[in-house]
Amino acid sequence: MTTVDLPAPTLTAKDFSSDQEVRWCPGCGDYAVLKAVQSFLPDLGLRRENIVFVSGIGCSSRFPYYLDTYGMHSIHGRAPSIATGIATAREDLSVWVVTGDGDALSIGGNHLIHALRRNVNMTILLFNNRIYGLTKGQYSPTSEVGKVTKSTPVGSLDHPFNPVSLALGAEATFVARTIDSDRKHLTAVLAAAAAHRGTSLVEIYQNCPIFNDGAFEDLKGPRAAQRLVRLEPGLEVTVDGRTWQHDPTEISPTRQFALSRMDEAEAVPIGVFRQVERPTYDDLTRSQAADAVADRGRGRLQDLLDSGDTWTVPGPSATPDPTDFQEEPCPS
Amino acid sequence: MTTVDLPAPTLTAKDFSSDQEVRWCPGCGDYAVLKAVQSFLPDLGLRRENIVFVSGIGCSSRFPYYLDTYGMHSIHGRAPSIATGIATAREDLSVWVVTGDGDALSIGGNHLIHALRRNVNMTILLFNNRIYGLTKGQYSPTSEVGKVTKSTPVGSLDHPFNPVSLALGAEATFVARTIDSDRKHLTAVLAAAAAHRGTSLVEIYQNCPIFNDGAFEDLKGPRAAQRLVRLEPGLEVTVDGRTWQHDPTEISPTRQFALSRMDEAEAVPIGVFRQVERPTYDDLTRSQAADAVADRGRGRLQDLLDSGDTWTVPGPSATPDPTDFQEEPCPS
Amino acid sequence: MASTVTELDRVVIRFAGDSGDGMQLTGDRFTQEAAVFGNDLSTLPNFPAEIRAPQGTIPGVSSFQLHFANYDILTPGDRPDVLVAMNPAALKANLADLPRGATIIVDTHDFTRRNLDKVGYDANPLEDDSLAEFAVHALDLTGLSVEAVKEFGLSRKDAARSKNMFALGLVSWLYGRDVAGSEEHLAAKFAGRPTIRDANVAALRAGWNFGETTETFAVSYVVKPAPVAAGRYRNITGNTALSYGLVAAGELSGLPVLLGAYPITPASDILHELSKHKNFGIATFQAEDEIAAIGAAVGASFAGTLGVTATSGPGVALKSEAMGLAVMTELPLVVVDVQRGGPSTGLPTKTEQSDLLQALHGRNGESPMPVIAAQSPTDCFAAAIEAARIAITYRTPVMLLSDGYLANGSEPWAIPDVAGLPRIEPGFATEPNHDKGDGTTDFWPYLRDVETLARPWAVPGTPGLEHRIGGLEKAGTVETGHGNISYDPDNHDRMVRLRQEKVRRIADSLPPLEVDDPSGEAEVLVIGWGSTYGPIGAACRRVRAAGHRVAQVHLRHLNPFPNDLGEILRRYDRVVCPEMNLGQLSRLLRAEYLVDVRPITTVRGLPFGAEALSADLLAHVTETPEPTA
Amino acid sequence: MASTVTELDRVVIRFAGDSGDGMQLTGDRFTQEAAVFGNDLSTLPNFPAEIRAPQGTIPGVSSFQLHFANYDILTPGDRPDVLVAMNPAALKANLADLPRGATIIVDTHDFTRRNLDKVGYDANPLEDDSLAEFAVHALDLTGLSVEAVKEFGLSRKDAARSKNMFALGLVSWLYGRDVAGSEEHLAAKFAGRPTIRDANVAALRAGWNFGETTETFAVSYVVKPAPVAAGRYRNITGNTALSYGLVAAGELSGLPVLLGAYPITPASDILHELSKHKNFGIATFQAEDEIAAIGAAVGASFAGTLGVTATSGPGVALKSEAMGLAVMTELPLVVVDVQRGGPSTGLPTKTEQSDLLQALHGRNGESPMPVIAAQSPTDCFAAAIEAARIAITYRTPVMLLSDGYLANGSEPWAIPDVAGLPRIEPGFATEPNHDKGDGTTDFWPYLRDVETLARPWAVPGTPGLEHRIGGLEKAGTVETGHGNISYDPDNHDRMVRLRQEKVRRIADSLPPLEVDDPSGEAEVLVIGWGSTYGPIGAACRRVRAAGHRVAQVHLRHLNPFPNDLGEILRRYDRVVCPEMNLGQLSRLLRAEYLVDVRPITTVRGLPFGAEALSADLLAHVTETPEPTA
Ligand SMILES: Cc1ncc(C[n+]2csc(CCOP(=O)(O)OP(=O)(O)O)c2C)c(N)n1
Ligand SMILES: Cc1ncc(C[n+]2csc(CCOP(=O)(O)OP(=O)(O)O)c2C)c(N)n1
Ligand code: SF4
Ligand code: SF4
Ligand SMILES: [Mg+2]
Ligand SMILES: [Mg+2]
């Protein structure tokens with residue numbers, strides 16, 4: 001979220017569509033998310049030029065090309081670092097990161113958790129299809145154990161991350177989950193994420209019909225009602241035999257974490273798990289700079305160069321010919 | 001922990017001391033941990049040659065030089081990956097990682113969380129002095145907000161990680177915390193960690209008298225009794241107004257996570273937070289290999305090369321002079 | 001029924017269609033038929049960068065080119081004699097590559113207004129005279145296929161998907177190929193889905209029969225088998241051959257192999273292939289990133305396994321620091337770089353040779369690493385074994401360079417007899433190697449072999465050899481091999497030179513270079529490395545066929561260079577070096593030998609065309625020599 | 001009271017003691033005194049690699065060498081005329097560097113059996129004749145200091161810690177230096193701790209008085225001021241000068257600066273220094289690793305800030321992939337590499353020039369990046385501004401090479417007048433630049449300046465210029481600057497050459513090289529780059545003083561090379577290139593110009609000694625020329 005208020009233009013989804021042809025596979029969940037984002041962006045009330053989308057590498061990371069905002073399709077896993085630089089440099093931009101489960105949690109895991117603990121102003125959309133799409137179907141850090149893929153012909157061995165638990169363990173201030181197939185829910189979560197000042201992580205369950213079709217089938221259609229828990233503030237939830245009213249603004253993350261472990265049992269919670277206020281890294285950086293100017297005045301270069309122990313050599317004095325001197329007796 | 005039983009030799013702490021002079025600053029907490037480890041290693045009942053210590057870079061990462069076992073002082077942040085290779089290659093080794101708060105949580109954060117979720121057989125000793133020692137005192141990802149250091153002359157801005165919370169969010173199977181000054185507790189935690197099959201993370205609060213002296217002073221001496229909660233199975237604990245008996249073997253990490261947030265209030269828990277069984281990555285790798293041999297027999301190279309669609313060219317036939325041919329009419 | 005059968009020496013055929021049209025399978029099968037028939041061959045698949053680009057668009061076109069001949073050929077061919085185009089996009093994307101007079105077989109089914117618009121065809125090219133200079137066979141392949149499989153009750157969509165098999169059948173007929181092998185293949189592939197199997201076989205047969213019974217084609221062709229040495233053959237891609245080479249290296253050295261890898265195009269298939277061979281003592285570890293991948297390989301090597309990591313250029317960049325650790329700790333390690341178009345993400349699915357300088361210099365400090373390259377898909381097998389030999393013998397990380405063209409291209413491979421492959425001796429240290437002077441001994445991990453300068457490889461678990469290694473400078477010369485950390489200035493200078501010399505000595509283990517100069521009188525030498533071997537060879541043949549003399553030498557070893565290379569370069573008046581980069585080997589040769597090596601460069605993501613390259617070579621060969629003083 | 005005052009041209013003095021003895025401070029203060037007095041000077045601090053190695057051991061010795069003179073000098077000196085040694089370890093570690101006849105001032109206090117044993121002295125060297133060839137002053141400096149400060153009631157340990165100030169006072173007296181400045185410094189430094197302040201001042205004065213009143217020293221010395229240009233001066237280290245250069249670049253371009261950095265020796269001080277100047281619009285971001293550090297810098301540059309990242313060799317290795325992204329996206333970026341001993345972790349606190357080839361080639365693909373180097377501590381200021389000029393003008397990442405010697409070494413700096421510094425024009429794009437042909441316009445992010453080939457820098461927040469950039473190949477030539485992803489083979493070839501040409505054109509903006517050849521008749525040219533400037537200059541002076549002719553040229557620009565370099569190299573019969581690596585610049589020059597550049601190399605973690613280097617040069621200068629054909 002940007003804090004700088006600019007006259008809100010009246011834009012539509014179309015204003016946010018670039019001239020590039022969208023190139024995902026037919027049926028890819030990314031289309032639905034793109035549509036939702038394009039439709040939602042006008043609601044931000046921001047000018048297009050004040051929005052930046054940064055992505056890593058992966059199918060989902062093509063996202064910025066399709067939005068008529070500023071954007072960078074960067075390198076694998078590093079989008080949160082790049083976004084950190086953008087957000088720290090500029091307070092007037094709304095900074096978005098688009099990433100995949102491989103991009104964000106495999107190669108980019110460290111940047112993600114550090115962005116979360118720093119609480120840099122950015123909204124991270126993590127497209128979780130539980131597979132590496134772009135490299136044609138290897139298992140990912142969110143794939144279930146035993147997954148048979150090109151790189152694991154007799155099944156994968158490693159226990160997956162739960163992105164929500166990981167984020168909560170990494171001191172995140174905003175964590176939410178939604179699903180590609182539910183446009184309304186997606187949009188609501190996007191709105192909450194964008195409104196949050198700090199790092200917002202939104203995990204989006206996204207179907208990859210080519211390499212991991214149906215990963216979230218259970219959560220769609222008629223069965224969805226039993227399998228999904230739609231988190232709302234005040235919703236009564238029960239985990240491990242304990243019941244309470246969900247409060248995303250609770251400072252202690254312990255109950256939100258407990259919620260994130262629900263899927264181990266029956267139901268999968270979607271919605272906002274956590275949303276707490278904490279000063280953001282970039283705002284603090286700017287306020288340290290402002291304080292420095294307030295305390296010491298805007299820096300003057302000449303003063304800086306002249307600082308420290310200096311001395312003055314008076315009057316011009318000819319520089320002697322250096323060949324007159326030698327530093328030690330000549331060796332030969 | 002290694003599963004391969006070898007006749008247990010009778011060794012002493014001295015057998016585990018290498019001929020290298022120990023080179024930490026006077027009063028560094030690392031000395032105490034080294035002594036404790038050297039004294040504890042004989043209890044493992046393993047041969048020296050079956051023990052490997054791998055470290056990254058940092059003051060603490062000098063550790064392997066001082067132990068007369070196999071060892072590698074590797075590069076910054078990468079020790080968990082190297083240890084993963086060692087553990088996956090060899091089931092008969094006891095693999096230890098020694099790392100600092102910068103090494104493990106800053107540059108090496110991703111390898112750490114992936115080792116934890118994979119549950120590779122290794123014991124990670126994380127020396128947390130909440131500062132970068134070797135590079136002479138910059139703040140670290142565990143430094144408190146507002147820390148004045150060489151790189152943050154007006155105070156650091158970022159919210160620190162809680163290594164225990166992070167580990168629990170990263171699907172760890174064994175997480176513990178101890179402190180350099182309490183040899184007995186340290187040894188007991190080491191014993192539990194070493195006994196665990198899988199990735200054990202032990203956070204060790206370690207004093208750096210040079211760059212962050214007294215960071216854990218509160219937890220030592222007379223005040224320790226009020227400030228420390230010594231976790232034991234069955235200990236009655238209260239967090240956020242809820243009371244229960246601590247059970248590190250509980251499969252759901254939610255209450256263990258809650259415990260890890262205790263320090264936000266008054267008391268700092270030390271001891272074993274979590275210790276659950278889960279197949280290890282390296283064991284599973286070995287069992288997939290064993291299954292492959294059982295199913296298909298030990299691979300025969302000739303058979304592999306001969307596999308697929310092959311054909312046979314009968315009888316010897318002279319290879320013609322390639323200059324007799326040309327692929328297309330010559331351009332000139 | 002065709003009236004005439006014409007004999008040809010060689011044919012280049014390209015199958016092109018939408019990504020979903022199964023062109024790679026069609027190409028693979030036809031390749032296999034040509035191989036079994038005894039032709040020599042070379043292939044060039046070309047994938048779109050997108051997983052599934054929008055249907056019917058140019059970026060979505062997938063193609064497979066096959067060159068087959070009755071003699072030994074060296075390249076997949078420059079320009080297709082035959083194009084099979086399954087839709088307007090496939091036609092448009094490939095047309096510019098066709099020589100005048102080429103044959104085009106086109107599926108008319110998708111030439112709808114909508115599809116034509118998608119690719120910017122104002123008029124239907126099948127209906128105006130824009131294809132006048134080609135021999136066009138416009139057939140409703142889709143319709144014919146649907147008809148052929150209708151008895152199986154498939155959905156229309158599934159029925160239409162058999163059109164690639166119809167096309168395969170038709171082309172097989174055209175070149176007199178037997179489809180029995182492909183039928184078997186389909187039977188095996190769709191064993192679990194009998195309807196699909198039967199439909200595909202039916203479409204395949206229908207295609208063949210269509211050629212045989214209709215009079216669409218006046219002529220069919222035969223390309224006789226190539227005279228090749230007796231033996232057992234199979235068709236193999238570079239990535240598979242490289243993977244097999246790594247399996248072989250494990251067997252030949254008696255070492256288990258651990259591949260640490262993070263998926264990346266075009267190297268991922270090495271991970272995929274090796275993950276199938278767990279019963280060979282091969283472990284594959286899909287790491288969280290490239291750094292962890294090489295980290296695990298280094299750890300495995302320390303533990304007495306052959307550590308391997310496979311990636312492409314961006315991954316090599318990330319592994320730089322860890323390679324330095326392997327250089328410093330002197331552990332065996334094979335780093336495979338399947339090069340692709342750069343810089344940065346670049347052109348991931350295209351080929352290039354632009355990582356050579358990165359391989360040599362992409363590490364901090366003086367960090368010498370042997371570098372070798374494979375020259376053809378089949379050669380990837382031997383190159384992998386050679387990389388392992390150097391790594392194990394000299395205790396050093398080795399960079400093995402392949403590229404996208406080798407990785408996915410295929411050619412027939414005379415399957416080697418395993419018994420004839422050379423063994424590799426790991427020679428683990430088993431006991432203390434240093435006399436302390438007081439009657440006792442201890443182990444010095446850097447006490448070197450005086451000849452190879454290799455240090456001992458003492459594996460955890462070996463009693464009495466406990467030791468510590470690391471990335472800091474150490475006292476590790478031939479005289480002082482205890483390996484303790486040393487900040488002594490003179491020691492560092494000696495160590496830096498020693499690590500360099502150790503790599504240099506690898507050259508002493510190499511056979512003399514083979515210079516191909518049939519006339520024995522060439523004045524111009526063409527030098528290359530890696531996958532340009534085929535195109536350079538083909539271009540040289542052309543130059544020679546045009547009546548000129550030219551010599552060719554091709555390097556497997558890029559660091560160190562073979563001992564006789566300088567002498568060879570100086571033997572010629574002129575040295576020319578074609579590369580798929582901006583002249584990287586040229587620079588290295590110029591710096592090393594002060595010879596005015598002239599680069600010929602292409603950076604188009606595609607191998608050199610033999611035709612264009614031969615024209616370039618000819619210019620150099622026929623240029624008047626500069627007057628020498 | 002000394003009987004005689006002798007005048008000297010120059011003195012090299014080295015303070016050595018345990019890490020805890022405060023030798024760096026002593027050296028700094030004496031440097032400042034010499035500077036204020038008007039001497040020219042050059043310093044070489046030498047830190048132990050450990051934070052605090054065990055007390056009294058050789059690895060724990062910290063030293064500071066200062067060369068001061070009455071003329072302009074170029075190096076910190078080869079061999080100390082005076083060694084101040086605070087304990088046995090300091091004596092032993094430094095003795096070998098002393099020339100016969102040197103003065104040794106030694107604190108006898110720590111010459112106990114236990115301390116002698118620690119460093120392997122069987123006998124006390126102060127008591128046998130092992131120091132016979134030196135002028136030894138064995139004094140109980142500690143005892144004298146404790147005595148001098150006893151009135152302040154400090155603990156014995158704290159009292160003893162004032163011995164470095166006692167030593168400073170004594171040496172100040174010896175060279176007739178005023179200690180008033182140092183007194184002020186102590187007063188400021190310990191303002192909050194008056195007892196410590198007073199004790200230190202007392203020890204300082206006691207040391208001075210000790211020299212003045214006792215007859216320990218028969219002679220005292222004077223080194224007159226050096227004739228230097230008028231102006232305001234200060235002493236400055238390379239890291240500080242480089243940091244100031246970055247602040248200046250921000251001011252001169254009007255851009256905010258964001259430094260993304262991860263601490264690493266010897267680059268960390270740049271982060272420390274810049275973090276102090278937040279009131280200049282400088283933001284410092286201590287990242288989680290080197291990759292995130294450059295990532296943030298790239299992001300900041302995209303956002304219209306000058307992105308900078310500073311590290312050492314291992315960090316550069318990690319940044320390789322991201323530098324490729326900056327090359328591909330053509331964003332301004334300054335990457336500072338303060339080189340240290342490699343490979344791998346190597347010798348972190350020592351200097352080396354071994355990252356040159358990494359700087360040029362350590363990225364995947366053809367990934368050209370301008371590379372420049374600073375040649376002295378003060379020159380780091382101008383070098384940083386030049387790096388920023390190139391980065392901003394050409395929209396490219398630039399590698400700025402410094403090294404451990406420049407970073408920590410210091411020399412007097414004629415403080416520049418800010419008004420005289422050249423402005424740098426960011427020239428942000430403000431409006432659409434491309435005519436769509438239908439009467440409307442749009443923005444093409446890769447529509448280049450036809451002269452520099454730089455692309456427009458359009459910063460988020462600018463309406464109408466919304467665009468997307470990335471690491472994939474794009475259509476971005478002068479003609480087709482829309483920058484959309486392109487897999488077209490010919491486009492890629494053009495783009496690869498264009499990125500190379502853009503970097504090459506930087507050479508067109510450079511002034512002619514300055515060749516220093518006082519005789520105008522030299523036949524041998526010595527070429528260097530970076531921190532060897534001083535030692536090469538000093539060695540050339542010696543060669544000339546010995547009656548020989550030699551020319552010197554020193555490169556700031558390593559990529560591209562200046563346009564006139566080839567011509568200059570060819571002008572000489574012989575070209576010699578001293579480097580602190582195994583000959584990296586030599587290789588580049590040989591490859592580029594086919595000139596037989598002869599390397600002189602040292603990799604000892606220390607700068608060249610002028611004496612040894614002049615001997616090497618002399619050998620080349622006096623060698624009989626080979627007969628030319
Ligand atoms: C440094 C580097 N390593 C590897 C790759 C290859 N690569 C590209 S995307 C990707 C993973 C994609 O998975 P994910 O992030 O889940 O995105 P998806 O395609 O599923 O949307 C990989 C391994 C790369 N481009 N760069
Ligand atoms: C790639 C790389 N980056 C940076 C460094 C410099 N470095 C060495 S140790 C270290 C951090 C040390 O902190 P920590 O891990 O907490 O260990 P400690 O010294 O406190 O025990 C850093 C930044 C390095 N050696 N390598
Ligand atoms: S591979 Fe999967 S994730 Fe990628 S574009 Fe296709 S459907 Fe979407
Ligand atoms: S700097 Fe701190 S952590 Fe490092 S050795 Fe010294 S006391 Fe220990
Ligand atoms: Mg994915
Ligand atoms: Mg630390």
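Below, read A as the first sequence line, B as the second, and so on, with proteins coming before strands; counting in each chain starts at 1.
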With a 4.5 Å cut-off on heavy-atom pairs, point out which of B:N110, B:I51, B:I113 contacts chain C the most. B:N110
Applying a strict 4.5 Å limit to non-hydrogen atoms, the region of C:P256 in contact with chain B is neither
Check whether B:A289 gets within reach of chain C through its side chain, its backbone, both or neither, counting any heavy atom under 4.5 Å. both
Examine whether an atom of B:R62 lies under 4.5 Å from a heavy atom of chain C, and if so say whether it belongs to the side chain, the backbone or both; otherwise answer neither. side chain
Just by modelled atom types, is the C:V418 backbone N or O under 3.5 Å from a matching donor or acceptor in the B:Q302 side chain? yes
Between C:Q32 and B:T310, is there a donor-acceptor pair closer than 3.5 Å when you use the side chain of the first and the backbone of the second? no
Is it the side chain or the backbone of B:F53 that comes within 4.5 Å of chain C heavy atoms, both, or neither? neither
Taking side chain as everything from C-beta outward and backbone as N, CA, C, O, which of these in B:S307 sits under 4.5 Å from a heavy atom of chain C? Side chain, backbone, both or neither. both
Between B:G71, B:G85, B:A89, which residue shows the highest count of heavy-atom pairs closer than 4.5 Å to chain C? B:G71
Segment of C:D417 engaging chain B (4.5 angstrom heavy-atom cut-off): both
C:T305 versus chain B, the contacting section by heavy-atom distance below 4.5 Å: side chain
Lys/Arg N to Asp/Glu carboxylate O, B:D295 vs C:K278, below 4.0 Å: no
Taking side chain as everything from C-beta outward and backbone as N, CA, C, O, which of these in B:R298 sits under 4.5 Å from a heavy atom of chain C? Side chain, backbone, both or neither. both
Pick one of side chain, backbone, both or neither for C:I469, based on which atoms fall under 4.5 Å of a heavy atom in chain B. both
Below 4.5 Å from any heavy atom of chain B, which atoms of C:A69 appear? Answer side chain, backbone, both or neither. neither
Is there a donor-acceptor contact under 3.5 Å from the side chain of C:R468 to the main chain of B:T69? yes
Between B:R90 and C:V459, what is the shortest heavy-atom contact and its length? NH1-CG1, 2.9 Å
Only pairs of heavy atoms separated by less than 4.5 Å count here; which of B:D306, B:T285, B:T88 has the most with chain C? B:D306
Select one option (side chain, backbone, both, neither) describing which atoms of C:L331 are under 4.5 Å from chain B's heavy atoms. side chain
Identify which part of B:R300 has an atom lying under 4.5 Å from any heavy atom of chain C, answering side chain, backbone, both or neither. backbone
Strictly distance-based, threshold 3.5 Å: is any side-chain N or O of C:N279 a donor or acceptor partner for the main-chain N or O of B:A292? no
If I compare all heavy atoms of B:Y70 with all of C:G461, which pair ends up nearest, and what's the gap? CE1-N, 3.7 Å
Just so I understand: if I count every heavy-atom pair under 4.5 Å between each of B:T312, B:V293, B:L67, B:D309 and chain C, which residue has the most? B:D309
